Amino acid sequence: MRKEVILNTVGLRAGYGGKPVLQGLEIEVREGEIIAVIGRNGVGKSTLMKSLIGLIPTMDGSIVFRGDPVEHLPAFKRARLGIGYVPQGRDVFPRLSVGENIAVGASIKGRLTEQQRREVVETFPILGERWSQRAGTMSGGQQQQLAIGRVLVADPELILLDEPSEGIQPNIVQDIARDMVALNAKTGVTIILVEQNLDMIRAMAQRCYVMDKGRIVANLDRAALDDEAEMRRHLAV
Amino acid sequence: MTGTVLRGLHAAVLTGTLVLASGVALAAEKPIKLGVLEDQSGDFAVATIGKVHAIQLAADEINKAGGIMGRPLELVVYDTQSDNTRYQEFMRRVLQKDKADAVFAGFSSASREAYRPIVDQLNGFAFYNNQYEGGVCDGHMIVTGAVPEQQFSTLIPWMMEKYGKKVYTLAADYNFGQISAEWVRNIVKQNGGEMVGEEFIPLGVSQFSQSIQNIQKAKPDFIVTLLVGTAQASYYEQAASANVNLPMASSVNVGQGYEHKRFKPPSLKDMYVTTNYIEEIDSPKSKEFVAKFKAKFPNEPYINQEAENSYLAVYLYKQMVERAKSTKRDDIRKVIAQGDVCMDAPEGKVCIDPKSQHMSHTIYLAHVNADHSIDFPKVWPDIKPYWLGDAGCDLTKKDPMAQYTPSNPPPK
Amino acid sequence: MDIATFAFAALYQFADAFAFLVLSACGLAVIFGMMGVINLAHGEFIMCGAYVTATAVHAGLPLPLAILAGALVSAVVGMLVEFVVVRHLYERPLDTIVATWGLSLIATQGTLIVIGSTMAGVGTPFGSFQVGAYSYSIYRIVLFLAALGVLGSLYALFNWTSFGVKARATIQVPHMADALGVDTRWIYSLTFACGAGLAGLAGGLYAPTMTLVPTMGATFLMEAFVTVVIGGADVFLGTAPAAAVLAVVKSVMTSWQGQLFGQIGLLVAVIIVVRVLPKGISGFLLRERT
Amino acid sequence: MNGLISLFRRLEGPQTKGRGLLFWSVFMVALIGAIAYPMFSDGYTVGNTAYFFVWVFIALSLCLIWGYGGALSFGQTAFFGIAGYSYGILTLNFGAAYGFTLVAVLAAVAIAAVVALLLGYFMFFGRIEGVFLGIVTLAVTLMLERFMAQTAGPDWRIGAARLNGFNGMSGMPPITIPWFDGPIVLFADVGLYYLILALVVVVYLGLRILVNSSFGNVIVAIRENPERAEMLGYDIRKYQLINFVIGAGLAGLSGVLYTAWGQYITPSSMGMTSAALPLIWVAVGGRSDLTSTLVGTLVVLAGFQALTIYGSQYALVVMGLLLVLTVLIAPNGLVLGAMNVIGRLVARAKGGRN
Amino acid sequence: MALLQLRGLNKHFGGLHVTNQVNLSFETGEIHCLIGPNGAGKSTLFRLILGEYAPGSGEIFFAGEDITTLKSFARIARGLSVKFQVPGVFKGLSVRQNLEIALQRTRHGAELDREIDRLLAFLGLEAEQKQTAGNLSHGQKQWLEIGMATSLRPRMLLLDEPTAGMSPEETFQTGEMVKRLNAEGMTVLAIEHDMAFVRQVAQRVTVLHLGQVFAQGSIDDIVADERVAAIYLGQAHHHA
């Protein structure tokens, strides 16, 4: 049975200061999928993520989440609809404790419950150990886990993961990839992953969009992901 | 470019003068222009809006009665916004552009000192209708307000007799407070009393816990409060709530800022004030004045001494112009020099002292009761502004255009 | 004078100065610390609180409720101001200074035109008590307790409530808070309202002890600014210790040499702090902690 | 000679609006108008215009420090007051003979600059920046006002000059220029007008040269990105300090001229309202350009005065409203916004011809 | 001879050691690359060298002189220069003005203009010289800032991620530019993630990990080092 489309874009144009970076971009993601978006530096992958969550305004086209257009909604309303955003560079709240960071993520649903806390700590035990520590003093990998945990606590239906491997030790990258796949299997959460780290892409993605100059130029299936030559061609390495 | 802009602006807008109810017969005659610079907004507006109204009342009455020598009185009113620079701008404007024959201007001493050099330099003629610290010896100025010797030479001995000889002064730390405190100090000493404390409060300070403690420590028989401005007036409420419970003597409160009306009783209980006028004064003249005033300005919160000063100043000006048959300052000063410019004001008889161009007053001792009603235990008629003349200021002979203080008297 | 009387007197003076500094400053400090906005209409929010309190008392409301009403109305007005003006200027903090000064002009003069030059006072409740040779106003103790209460509630608000955590998150990384579902505009709005409400509360608390005129806010301003300068951008690590330090300076200098020296003490404290701790006490503490 | 030419070249540059024949023609026309107009006007208008010109310097000082340097000083009126009082103290003690008033003008400006040097040292070498700088300077100004307001007692005197507390100091002589057949006393009239006009022109052109010089480059660079500027080897604290001191000197010049104009100086010239006003002029005019600030200041001053004259008690409300609207609607300032539009139109007209 | 020496540098924020007993020396004339995972302390090390942070303990020697307590601008004056990770161009000013501000400390008059023109040509930004720097593309901003940093003719140039956001061609060009500057006598220290760039320019590579020097050697040594691969490169890093 084909799952329903959870998110798609139609002719999406968005960018900074009046200059569109995304040039009529179209993607379609179905419930429960893990898809990757790859492409060279500067093709607009992070811009796409910001545009999906609503941190930059849509100039033209449409973003449809669960059948309803959301491009006119501010970011916080999209988050409340069930889109979780884990940004590049993690952006934890440095002077808030780990627990408070999680609480902000949970605030969509109200106060952080003991149940929610237990679930997050089960997924990322390190967050339990550092619960009262200020987030700004943690290492990059720990912060990445916090950034993901902070989104998970609100039970999102769709997670936008922007370069989670950036600056993080490979073993932790693998851990995170494994955790996300497990989560997807358990809850059916949909994940859009922007990544350059092939290991991570292969460990997680079920299919893969290739972006160039603000457009989707290819849609690769799982088999193509394992094809070294094909991947190198698209990543132009 | 800028010059053009400015000229355009001035040309484009009509003059802002206000002609008051001039009769048809008067219209033909050239009006006598009276400039009015008072603070209708900002810090001092509480006490000064009544002054403007009093001047309007007087001008109205005079115009209805045929004007001055058949000429109508025209008021040119500017709001000086409690801002000294506005006084400078508008004094210049009212003298140079509007060519006012006389100007009624100023509440605070600072504003008077701001405009006085301009009046002197442009050879104008100004009335300062305010009580103040005294000492202005300037032929370009007439002062109708009371000065310290009039208020303290009456108040302090009376208080010492009634309550005792130990005195504590709480004064605003500026010229008025400093000079008034000096007067109090001297009078207390002359009468064999003792100053058990003296404290000066910077302007704008509104918290008095420490001062209250200092007063209790000094154990005076009564306190002289020379506090100025709305912030400092907070003292009374704070002292009352700390149960200081000492009689108070003052020259500024009640008569100027009508604190007894504004504060909740009994914070001003047993406050004694010497003033030349307040609306509670129970004489026929005063009652008539209050009635006229309230008829014209029914919402006026209070008619204070400055309102009466301003009102009588218009009539004094009328009298002087009519006697001099001229609006020129020099001609008017010749009339003053005769020493008999007097009138029956709402407060009683007042006269201009030719030496200092200040005014004699009837001084009322107003006593605030626990319910903030007023009674008058004593009235001193015809108290003269003697100090300046005694100290050596004689405007009939020499015009130094300066302000003196007891510690800085005129050169002999 | 015995030592106990003296000690109590000193303590009382400290508490009194502390209360005034904390209550004057904390509305300003919340808005400055959390939003980086200098609210020059701070004094007018204080005035608003005082006026509403007095009006409510005249209308027959008991004083504590009237004070709350003053704080509440100020908060609502603050929210309105944020919505109409301040909201559009977050990218330009220096322009908010100009705009809020404009607002303060409108508020002061508008109040004078609409309500008149003065308002009847409400009288200080509770009376006095005696320690040694001195009698003291009980209400001043209430003010001190109120100052402590305000600090405590603020601490609780920003650390223990969901709003507080979201507000601090918003201050640190606004776009991320937004992306996590926090309505940051609403948070800014509430923070500004909170600052305005605190100013209103200060006005309400001091209304029984002061002359009520449209320009009354000005008497709080200098103390408020000095406290914020010395405290720096953080309310708890800055405003509270700054107020404590300044209260000691002020009460010692005042009892030693009179009110003037109290004021000079504040000036000297500002200059020393500017040189030694340029980011204020909280800047110093936070640098140590990060 | 070459140096002089390269100096004049700096009259135009990327840091100032207005260049080329058209701009300087307008400038000359305006200047000639300003020189000629007292002949067609009355004493009041000339004196009043001179009074407006007095404030131009403090506005330009804020333009330099805030608009160009990016450091908001809320304390320019402190230097205004310090210089004004210094002029009063000096001339009351030493009189006006032998052109001493001119010496006093310079000395007073220098005193303001020295105080700025001290305060600026504390601030910039303490790395205070942004909005906090505004709060610190404002706090210092308010404290100075309160201090001066309580100097009423007879002990507060410097030589023959009594500070005279809140009432302010008066009685100082106007600026007096020694001349062959007796000194010329510059009361607030045509004489003073021409002196101040000359100063306005000199200061305006001088500042144009300054901001287009390499010093101006660094100042603007610090506003744009202080860290980068420092990493280009500039001791930015020193540049900020010098800029602050120059600004203080200009504010001081306003203070001296104001004192000489009205023979009066008061603590309230340093108060909250006085401190905010220059900010208003500069913000409304357009803070990042000297010409906009100059024109804006004069327009706002004339406008506010007209409002006060004709608007009675509503003047302050209207003023406040204007400020709020300006900030919301024309954030770069009204004059600068207008100049940008004109610039674009001129460019389009030229483009159309080509 | 070592141009820059770091002796036992420590910097910690709270309990977290960002650099921990770092001893490093950089030789005159070399191109040295600093690599390591994010959070390894690379940028912090730059800030310590530049004087933006004061070290908790340790010393910094430049050309034999102890510069540990000098202010940033004084270090620049002694011959250090930097391009930041996030380009720090003066966004509101034109490209030409940006270069003028960089150059005017040492050059004046016509010589200044000539030198600006030369740099514009070198950077390939002649067409953009009147544009506001804030409107440049990300790559162009990087170039402009590199231009500003090199215009000081420093003895040692610090580059923090000089090729971030550049295409491979641009990255290659940047590498060539760095080599040319080095040939003219400039010592270069670069933080870079792009291993192609590191391979292209680096004569020596230092790996930082958890605030400590983890390994040092030629690029081949480093790539061959299993331990390094484990912490940084991963088994199939696409650049490697």
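No experiment lies behind these values; they were computed from the predicted model shown. A, B, ... follow the sequence lines: proteins, then strands. Residue 1 opens every chain. Computation of the quantities below employed the complete heavy-atom set of this structure, encompassing side-chain atoms and omitting hydrogens, waters and symmetry-equivalent molecules.
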Atom [atom1] of [X] and atom [atom2] of [Y]: how far apart are they, to the nearest 0.5 Å?
X: B:Lys97; Y: D:Thr45; atom1: NZ; atom2: OG1; answer: 4.5 Å
X: D:Thr266; Y: B:Glu113; atom1: OG1; atom2: CD; answer: 11.0 Å
X: D:Ser170; Y: B:Arg112; atom1: OG; atom2: CZ; answer: 9.0 Å

With a 4.5 angstrom heavy-atom cut-off, which part of [X] approaches chain D: side chain, backbone, both or neither?
X: B:Asn408; answer: side chain
X: B:Phe90; answer: side chain
X: B:Ser407; answer: side chain

Pair count under 4.5 Å, heavy atoms only, with chain D: among B:Ala172, B:Ala114, B:Gly177, B:Ala402, highest is B:Ala114

* To do: Using a cut-off of under 4.5 Å on heavy-atom pairs, state which of B:Ser109, B:Pro117, B:Ser108 scores highest against chain D.
  =>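 Of the options given, most contacts go to B:Ser109.
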
Whatever's closer than 4.5 Å to a heavy atom in chain B on D:Phe166 counts as both

Is it the side chain or the backbone of D:Tyr258 that comes within 4.5 Å of chain B heavy atoms, both, or neither?
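The answer is the side chain of D:Tyr258.
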
Just by distance, no angles: are the side chains of [X] and [Y] close enough, under 3.5 Å, to form a donor-acceptor pair?
X: B:Tyr174; Y: D:Gln150; result: no
X: B:Glu133; Y: D:Asn167; result: yes
X: B:Arg92; Y: D:Tyr44; result: no

Side chain to side chain, [X] and [Y], heavy atoms closer than 4.5 Å:
X: B:Gln96; Y: D:Asp42; result: no
X: D:Tyr264; Y: B:Arg116; result: no
X: B:Thr405; Y: D:Arg162; result: yes
X: D:Phe304; Y: B:Arg86; result: yes

Would D:Ile309 and B:Tyr78 satisfy side-chain contact (heavy atoms from CB on, under 4.5 Å), going step by step from the backbone distance to the final call?
CA-CA 6 Å; D:Ile309 294 170; B:Tyr78 294 115; 3.5 Å; yes

**Asked** Would D:Arg146 and B:Val205 count as a side-chain contact (heavy atoms from CB on, under 4.5 Å) if you check the C-alpha gap in whole Å, the side-chain angles of each, and the deciding distance to 0.1 Å?
**Response** CA-CA 10 Å; D:Arg146 211 177 260 193; B:Val205 163; 4.0 Å; yes

(Q) So which atom in D:Thr308 and which in B:Asp79 form the shortest heavy-atom distance, rounded to 0.1 Å? (A)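 Smallest interatomic distance, heavy atoms only, reads CG2-O, 3.5 Å.
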
All heavy atoms of B:Gln88 vs all of D:Gly262, minimum pair found to be NE2-CA, 3.8 Å

**OP:** Just do the side-chain contact (heavy atoms from CB on, under 4.5 Å) check on B:Ile118 and D:Gln263 with the steps written out, would you?
**Re:** CA-CA 8 Å; B:Ile118 293 168; D:Gln263 296 167 261; over 6 Å; no

